[in-house]
Every structure is written in C-alpha cells, then in structure tokens.
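Indexing begins at 1, ligand by ligand and atom by atom, following the structure's order. Since we're looking at a predicted model, the values are computed, not measured. Along the sequence shown, residues are numbered consecutively beginning with 1. Excluded from the calculations below are hydrogen atoms, water molecules and symmetry mates; all remaining heavy atoms, backbone and side chain alike, are included.
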Amino acid sequence: MKAAVITGVGQVEVTTIEDPTPGPRDVVVAVEGCGICGTDLHILQGEFAPTLPIVPGHEFAGTVVEIGSQVTELAIGDRVAADPSLFCGECHYCRQGRGNLCERWNAIGVSVPGGAAEYCTAPVANCVKLPDHVRTADAALIEPLSCTVRGFDVLQAKVGDHYLIYGAGTMGLMNLELAKRAGAASVDIVDLNPNRLETARTLGVSAAVTSADELDRPRGWEIVIDCTGVVAAIQDGLDRVAKAGTFLQFGVSDENAVATWKPFKIYNQEIRIIGSMAVLNSYERAADLFAAGVLDPDIMISDRLPLDSYPQAMDQFKAGIGRKIQVNPNPSAA
Ligand SMILES: NC(=O)c1ccc[n+]([C@@H]2O[C@H](COP(=O)([O-])OP(=O)(O)OC[C@H]3O[C@@H](n4cnc5c(N)ncnc54)[C@H](O)[C@@H]3O)[C@@H](O)[C@H]2O)c1
Ligand SMILES: [Zn+2]
Ligand SMILES: [Zn+2]
C-alpha cells in the first residue's frame, strides 16, 4: 500500500510499504481522512517518537475492509473513526483510570503505524461506528475534539463563566465551540494571525483580538485556556485569570520552556493551574458531539489533499496556513 513514512528527523516521503494484517481483535480501515496536527510535526522534528521509521496519523476515519478472526462488533463496509490511544491497562496509572498517563503509553500514528496511509489497523475496541449523516473523512476531527473534551473534563467550568482562549488554530476553535455549549457567558479569543481571528468571528465569538489588552475585563476571566504552547501567550494568560479562576494548559510547549507565576496570587486568589493531555474516556463523547453537529467540518477543515501531498501538507501546517489540513488516501464514495 501507499503510505507517508517519517524515515528520519526532518524526512518524510510517500512510499510503498506492506499492507497491514489485523490481529484477532483488530480491523483494517481504508483511510478516507487523516488530519495533521502538532504531534505529527513533533515526530518529524525528532522530538517525540519511540522509533523511526513511523507512518504518522493519529486522527483518522475510514471504511472497514478486513476484520480480525475474533471481531464480531464490526463488519466489512462499516464506516468508523478510531481512538488512537493504546493504553496497557496494567500499569500504576492505568489501574487508577488514568490511561492517558500510562507508563507504556502507545498510540496509533505515534508509536505504531498510523492513518497517513491507504490502510491502517486499529483495535475494534477503539472504533466508533459513524452515523449515516456523518461524512467519513470529516470524522477524523473526532480525535482532536476528544482531546478538547478531556480538557473540559479537567476544567470543571461553570455555566456563566467568561472564557479567554489563546490561539485560534483548530484546537482553539474547538475549545471555543465547546465553551459555547458549556454555557459560557462570553468567549474572547486572542491570536496574532488575522486569518485565524476571522474564522473565530465566523464561528461566533465575543471578541477576537491580537492582544488581550484590547479587552475590558478588569476582574479577569474565570477560565483562561492556552491553545498555543507559546510561552509569551501562556505568560500573558496567567496574569489574566480572575480570582477563583482556572488556567488550562492545553497547548504543547517545548519540553524545556519555562513560564513563571506569582505564588502569592495563586494562594491569595485561589487560582487553579491545570493541564490536560490527549484523550481519556472522551472519544465516544466526542463522537456523539460531532454527530450532533458541534463542529462545522467545512469551516474546520481548510484543505483536503491527496496522500501524495503529505510532505507539502506538513510544510503548509508548519507555516500556519489554513486550519485543519487533511490527506485523503481513499477518496470517499459518499
Ligand atoms: N492537550 C492536548 O491534548 C492537545 C491535543 C492536540 C493539540 N494540542 C496542542 O494545542 C496547541 C494548538 O493546536 P493547533 O492545532 O490549534 O495549533 P496551531 O499551530 O494551528 O494554532 C496555534 C495558534 O496559536 C497562535 N499563536 C502563536 N503565538 C501566539 C501568541 N503569542 N498569542 C496568541 N496566539 C498565538 C498561532 O498564530 C496559531 O494560530 C498546540 O500546541 C498543540 O500541540 C494539545
Ligand atoms: Zn493530534
Ligand atoms: Zn498503562
């Protein structure tokens, strides 16, 4: 089959590799949509991957074309999206129900071959069947949405909270959509890129600005979410959390990046600073939210490219042009 392969640091090519064979409880999916995200770039840049070469792509959906000998829940022809998380189920953290912190954490498209290929294997336990009205390739958006749902699980926001989101990339926009559903009194969004602010306005936002200085909220925001991973944004956001408010570190910074906060303010104003990492028991709920129309795929997905264009798609993502960029290895019949 044809697949994008990251062969070494900074090296990605579309080449021919062996077709996957399913284990007893696996299905093989003919991939129709595979999204590109920051993690793929981290793998390409050599910052995050157990071993190379690897077929990237942890955000994918497609049609089942082969099932393992012990699969009864799905059949050939079913359209599915798959949670890429592969938790061991046995370690200290898995036994506490914290599989996203698994000591032997693996994921499809990170440590085992992913969806940037004509075919990809996934455990049947990780698949959700798509309802008729959901277009197959669009369902690749369920994975990033499931990370956002995890973020909201740790947020514990209240109806009527005011939100400030840094970053209007796909993750910032998904956080915006969930905040609206979660009963936000207002959602303000900050980004340096005017095109991205324009999309936020299209989706409906209280304010979309290049600096939070332009906003008038002297008491600060109950919820501040970083969706940039950029220290300048994080630092700015930490100072704008209201008393008793919460700062969510959703963006992924460089491992060695440092931001500072005032311990007195954290104590005196009862501020929470929390993180959220990938997916935890949130994939099915994200699939339900997606089916309910929480995201508009035609706004969220800016580019749908052939698999052959994977290296260019990575360059485009790196340059911050567009929003969610997909490759479509098997163009949909639907
Ligand atoms: N926590 C998780 O589970 C999880 C899951 C997926 C992605 N992420 C992370 O979320 C972040 C956002 O992902 P994305 O796909 O939307 O990325 P993206 O690169 O498309 O968007 C980031 C946005 O931040 C903006 N930005 C950069 N510096 C800024 C600053 N100083 N002030 C305001 N805006 C600034 C950029 O212009 C860009 O629009 C990334 O760090 C990604 O790795 C986290
Ligand atoms: Zn991702
Ligand atoms: Zn584990």
Between His58 atom NE2 and Cys37 atom SG, the angle centred on the Zn ion (ligand 2) rounds (to 10°) to 100°
Please identify which of these residues, Ile234, Leu238, Ile273, meets the side-chain contact (heavy atoms from CB on, under 4.5 Å) condition with Gln249.
Ile234
Taking non-hydrogen atoms only, is Met171 closer than 4.0 angstrom to ligand 1 via side chain, backbone, both or neither?
both
Applying side-chain contact (heavy atoms from CB on, under 4.5 Å) between Arg323 and each of Asp303, Thr199, Ile301, report the one that passes.
Thr199
From CA spacing to verdict: side-chain contact (heavy atoms from CB on, under 4.5 Å), Ile54, Val110:
CA-CA 7 Å; Ile54 185 81; Val110 179; over 6 Å; no
For atom 29 (C) of ligand 1, find the nearest protein heavy atom and state the residue, atom name and distance (0.1 Å precision).
Leu192 CD1, 3.7 Å
Proximity to ligand 1 by part of Val230, non-hydrogen separation under 4.0 Å:
side chain
Counting non-hydrogen protein atoms only, what is the nearest one to atom 26 (N) of ligand 1? Give residue, atom name and distance.
Thr228 CG2, 3.7 Å
Can you tell me if His92 has an N, O or S atom under 2.8 Å away from the Zn ion (ligand 3)?
no
Given 3.5 Å as the limit, does a donor-acceptor pair link the side chain of Asp226 with the main chain of Gly229, or not?
yes
Strictly under 2.8 Å, is any N, O or S atom of Cys147 next to the Zn ion (ligand 2)?
no
With heavy-atom distances below 4.0 Å as the criterion, list the atoms of ligand 1 near Val190.
33 (C), 34 (N)
Does Ser276 have a non-hydrogen atom less than 4.0 Å from ligand 1?
yes
Side chains of Thr136 and Arg79 only: does a donor on one sit below 3.5 Å from an acceptor on the other?
yes
For a quick check under 3.5 Å, do Gln326 and Asn328 share a side-chain donor-acceptor pair by atom type?
yes
Please give the atom name: the N, O or S atom of Glu59 nearest to the Zn ion (ligand 2).
OE2
So, Glu13 versus Thr7: side-chain donor-acceptor pair below 3.5 Å or not?
no
Can you pull out the closest protein heavy atom to atom 12 (C) of ligand 1? Residue, atom name and distance to 0.1 Å, please.
Cys227 O, 3.1 Å
Residue pairs, two or more places apart or on separate chains, that pass side-chain hydrogen bond (donor to acceptor under 3.5 Å, both in side chains) and touch residues 260-272
Gln235-Thr260, Thr246-Arg272
Can you give me the SG-the Zn ion (ligand 3)-SG angle for Cys88 and Cys91, to 10°?
110°
Subset of ligand 1 atoms that lie under 4.0 Å from at least one heavy atom of Gly251:
9 (C), 10 (O), 11 (C), 41 (O)
Contact check: Arg196 vs ligand 1, nitrogen or oxygen atoms, below 3.5 angstrom:
yes
Counting from 1 in the order shown, the ligand 1 atoms closer than 4.0 Å to a non-hydrogen atom of Ala233 are 30 (C), 31 (N), 32 (N)
Proximal ligand 1 atoms for Ala278, defined as those under 4.0 Å from one of its heavy atoms:
2 (C), 3 (O)
For atom 36 (C) of ligand 1, what is the closest protein heavy atom, and at what distance to 0.1 Å?
Asp191 OD1, 3.5 Å
I'd like to check whether Asn193 has a polar contact with ligand 1, where a contact means an N/O of the residue lying under 3.5 Å from an N/O of the ligand.
no
Identity and separation of the nearest protein heavy atom to atom 15 (O) of ligand 1
Thr170 OG1, 3.5 Å
Which atom names give the shortest non-hydrogen contact between Gly220 and Ala242, and what distance separates them?
C-CB, 3.6 Å
Nearest protein heavy atom to atom 44 (C) of ligand 1, by residue and atom, and its distance?
Phe250 O, 3.1 Å
One finds that the ligand 1 atoms under 4.0 Å from a non-hydrogen atom of Cys147 are 3 (O), 5 (C)
Can you pull out the closest protein heavy atom to atom 40 (C) of ligand 1? Residue, atom name and distance to 0.1 Å, please.
Val252 N, 4.0 Å
